Every structure is written in C-alpha cells, then in structure tokens.
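Nothing fancy with the numbering, it's 1 onward along the sequence. This one's a predicted model, so the numbers in the text were calculated from it and none came from an experiment.
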Amino acid sequence: MTFRRSFAAALIAVSSLAAAAPVQAGPIAGTEVAKLFPGQFEAQVKGYRVSFAGSRNGTLMGAAYGQQDKGRWFMQGSSLCVSWNKWTKGKTHCGQISQKGGWYIASNSEGELLKFRRTDVAQN
C-alpha cells in the first residue's frame, strides 16, 4: 500500500471518531459525545499520528504530515459522523466509541479503526 493510500485510510478512520466522558467501559452514549466539543485531539491510526480540533458548531480542522483539511461533525443516533473535504472527499463516516486506558477507541462493523485522546479544550 502506498503512503498516500495508507494516509487516506488513516484519515477515513479518523472520520469515524467521537469522544465522551472519561469513565466509561462500554459504548459511549451519543449525548455524551458532544460534551468534548470544543476540543483538540490526537489520534493514532495505523501508525500515523493525526491532530484535529472540533468546534461546538460542528466544524473540524485537521493536520497530519504537512497536510491540512477542514470538515464537519454531527451526531446520528449514538454515532459520531465526520466528513473531511479532501481526506474523505466529502464522504461521511460514522462510528461508535468506547474507552480504554485513557484512549477512546472508534469501532465499526469491521473492527477497531483508531484510538484517540483529548489533548486540550479548544476556545471556539
């Protein structure tokens, strides 16, 4: 797999993320997901590190390996859905979140997509 293809897969996985209250064992409820926004996060996706910020109004800003993108997030039931303008070509990806050892784990029907954690509270 080429770097570009691997990087795109990593960014698609980031699109499936969500966040919630810090002490949860199972899936995190959709009402808890939005509580971390605004916020700044780091993610690890197939060995790649991606940084992103999510605002309260649903906008996203991301950066990874010198590339930047903008997107949006919204709730669909108990899943957080995200789309990136370039990284996912506007396609929306949704995922359920659970927590383990200080990291949030995003999963879908194909298994674990990524792990991520909050790095700071954003000011927007």
Side-chain angles (χ1 to χ4, degrees):
M1 188 181 291
T2 67
F3 172 78
R4 182 180 168 113
R5 189 172 223 150
S6 295
F7 184 70
L11 294 174
I12 289 170
V14 167
S15 299
S16 301
L17 61 87
V23 180
Q24 288 281 348
I28 297 170
T31 56
E32 294 297 311
V33 172
K35 290 184 179 180
L36 285 183
F37 294 101
Q40 295 179 346
F41 307 86
E42 72 172 305
Q44 293 180 2
V45 185
K46 299 183 181 185
Y48 296 102
R49 182 172 180 223
V50 180
S51 299
F52 64 95
S55 71
R56 188 169 279 125
N57 70 6
T59 61
L60 295 169
M61 299 281 292
Y65 299 97
Q67 296 185 23
Q68 296 182 346
D69 201 0
K70 294 180 182 179
R72 67 183 186 98
W73 69 270
F74 62 93
M75 296 304 301
Q76 184 172 339
S78 62
S79 293
L80 177 70
C81 298
V82 177
S83 66
W84 294 98
N85 296 339
K86 294 184 287 188
W87 294 337
T88 66
K89 298 179 181 168
K91 184 177 178 185
T92 300
H93 298 273
C94 302
Q96 294 269 326
I97 304 302
S98 59
Q99 188 178 16
K100 182 178 179 182
W103 289 86
Y104 297 101
I105 310 297
S107 301
N108 67 11
S109 61
E110 297 174 10
E112 183 178 309
L113 298 171
L114 68 109
K115 67 180 186 176
F116 64 99
R117 62 184 171 189
R118 186 176 190 151
T119 59
D120 201 2
V121 177
Q123 298 299 314
N124 53 351

Taking the side chain as C-beta and beyond, is there a heavy-atom pair between Arg72 and Thr92 under 4.5 Å?
yes

Steps toward side chain to side chain contact (heavy atoms under 4.5 Å, CB included) verdict (Arg117, Glu42):
CA-CA 6 Å; Arg117 62 184 171 189; Glu42 72 172 305; 2.7 Å; yes

Consider only side-chain heavy atoms of I, L, V, M, F, W and Y, link residues closer than 4.5 Å, and tell whether Met75 and Phe37 are in one cluster.
yes

NZ of Lys70 to CG of Asn85: how many Å apart, nearest 0.5 Å?
8.0 Å

Run Phe52 and Trp73 through side chain to side chain contact (heavy atoms under 4.5 Å, CB included) and show every step you take.
CA-CA 12 Å; Phe52 64 95; Trp73 69 270; over 6 Å; no

Reported CD-to-NZ distance for the pair Gln44 and Lys115, which is rounded to 0.5 angstrom
5.0 Å

List the steps, then state whether side chain to side chain contact (heavy atoms under 4.5 Å, CB included) holds for Asp69 with Lys86.
CA-CA 6 Å; Asp69 201 0; Lys86 294 184 287 188; 3.4 Å; yes

Side-chain heavy-atom pair His93, Thr88 within 4.5 angstrom cut-off
yes

Can you tell me how far OG of Ser55 sits from CE of Met61, rounded to the nearest 0.5 angstrom?
10.0 Å

Roughly how far, to the nearest 0.5 Å, is the OG atom of Ser51 from the OH atom of Tyr65?
9.5 Å

Does any non-hydrogen side-chain atom of Val82 lie less than 4.5 Å from one of Phe74?
no

Step-by-step side chain to side chain contact (heavy atoms under 4.5 Å, CB included) determination, Gln67 to Trp87:
CA-CA 9 Å; Gln67 296 185 23; Trp87 294 337; 3.6 Å; yes

Shortest non-hydrogen contact between Ala64 and Arg49, atoms and distance:
CB-O, 3.9 Å

Tell me the closest heavy-atom pair linking Gly90 and Ser83, and the distance in Å.
O-CB, 3.7 Å

